[in-house]
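For this chain, numbers begin at 1 and follow the sequence in order. Just the heavy atoms: all of them, side chains too, but no hydrogens, waters or symmetry mates, feed the values below.
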Amino acid sequence: MELLKDRMGVPGPMVRRIDVTGTGGVRLAAWEFTDPPKTGRGGEEGERGPGVLLLHGLMGRASHWAETARWLGSRCRAVGLDQRGHGRSEKPQDGPYDRETYIADGIAAVEQLGLAPAVLIGHSMGALTAWQMAARRPDLVSALVVCDMRASALGAASQQEWADWFRSWPVPFATLADVRKWFGEDDPTLERSKPARGEFFAEIMAERADGWRPVFSRHQMLTARETWVHDAHWEDLALVRCPTLVVRGLDGELGRAEAQEMVRVLPHGVYAEIPDAGHWLPWEAPEEWRGVLGPFLESVLPS
C-alpha cells in the first residue's frame, strides 16, 4: 500500500497501488481507494465482490475516481487505472499512444487485477476505451457505463482547437489557487464559471522548481487524441453486447440526440441525463451521478 498526501503534505487515506504491465512492458499504476479485503481462514483473501475498472478521460488520472470508488467499495472491488501517459503510470516518449494500445492496456489491467467479468466505467476518452474493450473482449466485461463521450468523429478542426488551447495555458502556475482560478474561471473557452473544472485540473498538476505544471506531456495528449478524433466509433458501439448506461450532462459535450442514438445502436442500452452538469458531471454533480449509477449497477450486479 502507499500513503498518499494531499497538496499541503498532510497524509491522506490509505490506498493500495498495484502495478500492471501494459503493452510493450509499460508500467501502469492501478489504485484501490478502499481498505484491502479482509483475509479468510488460513490467510487466503476473502470475497472481494464484483470487479469494477474505472477509466479516466484524456489528461485525467485514477484519483479523480476516488470518491466514486469509495462509494462502490462497500459492494464492489473498484479499481482506478492511470492510463499510459497519465498520473503515475509510465509516459514513454515515443508511445505508442494509439487506440489499440490503450485498449490492450485496459484488457491487461482487467486480466492482471482479476476483475473479470468487470463493470467498466469510463469518462470521455476512457469511455471510448471501455466500449472498445467490451467490443473486442466481451468475455471480460459484464456491464458498461459511458460518461459523456461521443461516437461521432470530431474532425481536424477540433484537433486544432485543442492544440491552440494547450498553447494558451499560462504555465507554470505560481500556486494551485491560480490553477483553480484559470481553469475554473479565466480560461477563455469557458462560457461560465465551473469550480469543479478548476478542482479537476488542480488534481493533475505537480509542483516543480518554477511552479505548478501538468503531470503529463501536452504533446503526448494531442498524439493520443489524434488517433481517435478523426474517426467515428459506431461500429464498435454496435458490437457491445453487455448492458450499457449512456449518461450525459445537460451542458456536456455529448448532445441528447447523439446520446439517444447511441442507446438505440447498443443492443442493451440505457439512457440517463443529469440536468445541472456538463462534461465534468461526476464531479459537478456527484450526488446526481450516484443517483443514476446506483440503479443501473443494482440491475446488472449479482445480488
Side-chain angles (χ1 to χ4, degrees), residues 1-20 28-39 45-57 59-83 86-89 106 109-110 113-124 126-127 130 142-148 195-204 215 245 247 249 272 274 277 280-303:
M1 292 202 301
E2 181 170 331
L3 179 64
L4 297 187
K5 296 184 178 181
D6 66 16
R7 297 299 186 187
M8 301 302 292
V10 178
M14 295 292 285
V15 300
R16 184 183 184 206
R17 171 176 172 162
I18 310 168
D19 282 345
V20 171
L28 306 173
W31 302 90
E32 288 187 280
F33 295 95
T34 55
D35 291 336
K38 296 178 180 179
T39 57
E45 287 188 344
E47 177 59 46
R48 297 187 128 188
V52 177
L53 184 67
L54 297 143
L55 296 169
H56 61 74
M59 303 181 295
R61 63 189 309 174
S63 59
H64 283 132
W65 288 119
E67 186 175 351
T68 295
R70 292 188 179 111
W71 173 70
L72 290 169
S74 62
R75 181 168 182 183
C76 306
R77 184 190 174 206
V79 182
L81 179 68
D82 281 338
Q83 297 174 79
H86 297 76
R88 297 197 185 180
S89 288
V110 170
L113 294 168
L115 298 176
V119 176
L120 305 182
I121 301 176
H123 174 248
S124 195
S142 62
L144 177 65
V145 178
V146 173
C147 179
D148 205 56
R197 186 176 187 262
E199 291 296 336
F200 183 96
F201 279 91
E203 186 69 20
I204 54 178
V215 298
L245 172 66
V247 57
I274 296 178
W280 317 97
L281 61 94
W283 307 281
E284 291 176 293
E287 289 187 15
E288 293 82 355
W289 160 248
R290 294 190 293 269
V292 300
L293 188 59
F296 175 75
L297 294 178
E298 286 291 332
S299 72
V300 299
L301 291 175
S303 57

What's the shortest heavy-atom distance between Ala130 and Leu120, and which atoms? O-CD1, 3.5 Å
Among all residues two or more places apart in sequence or in another chain, which pass the side chain to side chain donor-acceptor pair (under 3.5 Å) test with Thr68? Trp289
By side chain to side chain contact (heavy atoms under 4.5 Å, CB included) - contacts of Pro117 (at least two apart): Ser142
Between CD1 on residue Ile121 and SG on residue Cys76, distance to nearest 0.5 Å: 8.0 Å
Does some side-chain heavy atom of Val15 sit less than 4.5 Å from a side-chain heavy atom of Glu32? no
Distance from Asp148 atom CG to Ser124 atom OG, nearest 0.5 Å? 7.0 Å
Does the ring centre of His123 sit less than 6.0 Å away from the ring centre of Trp283? yes
Under the rule for side chain to side chain contact (heavy atoms under 4.5 Å, CB included), what residues qualify as partners of Ala78, not counting sequence neighbours? Val52, Leu54, Ala69, Leu72
Is the shortest heavy-atom distance from the side chain of Val119 to the side chain of Leu297 under 4.5 Å? yes
Please report whether the ring centroid of His56 lies less than 6.0 Å from that of His86. yes
Starting at CH2 of Trp65, measure out to CG of Leu81 and round the result to the nearest 0.5 Å. 12.5 Å
Evaluation steps, side-chain contact (heavy atoms from CB on, under 4.5 Å), between Asp19 and Leu28: CA-CA 6 Å; Asp19 282 345; Leu28 306 173; over 6 Å; no
Please test Trp280 against Phe201 for ring-ring contact (aromatic ring centres under 6.0 Å, His included), starting from the C-alpha separation and ending with a verdict. CA-CA 11 Å; Trp280 317 97; Phe201 279 91; 5.8 Å; yes
If you measure from CG on Leu144 to CG on Leu245, what distance do you get to the nearest 0.5 Å? 8.5 Å
For Glu288, salt bridge (charged side-chain N to carboxylate O under 4.0 Å, His left out) partners two or more places apart: none
Glu67/Arg290 salt bridge by N-O under 4.0 Å criterion: yes
Any donor and acceptor pair, going by atom type alone, linking the side chain of Arg77 with main-chain N or O of Leu113 inside 3.5 Å? yes
Could you tell me which residues satisfy side chain to side chain donor-acceptor pair (under 3.5 Å) with Glu298, sequence neighbours excluded, listed by chain and number? Arg75
With rounding to the nearest 0.5 Å, note down the distance linking CD1 in Ile274 to CG in Leu281. 4.5 Å
Supply the atom-to-atom distance Met59 CE to Gln83 CD, rounded to the nearest 0.5 angstrom. 13.0 Å
Taking only residues two or more places apart in sequence or in another chain, which ones pass side chain to side chain contact (heavy atoms under 4.5 Å, CB included) with Ala127? Val146, Met149
Which residues satisfy the side chain to side chain contact (heavy atoms under 4.5 Å, CB included) test with Ala29, sequence neighbours excluded? Arg17, Arg27, Trp31, Asp82, Arg88, Ser89
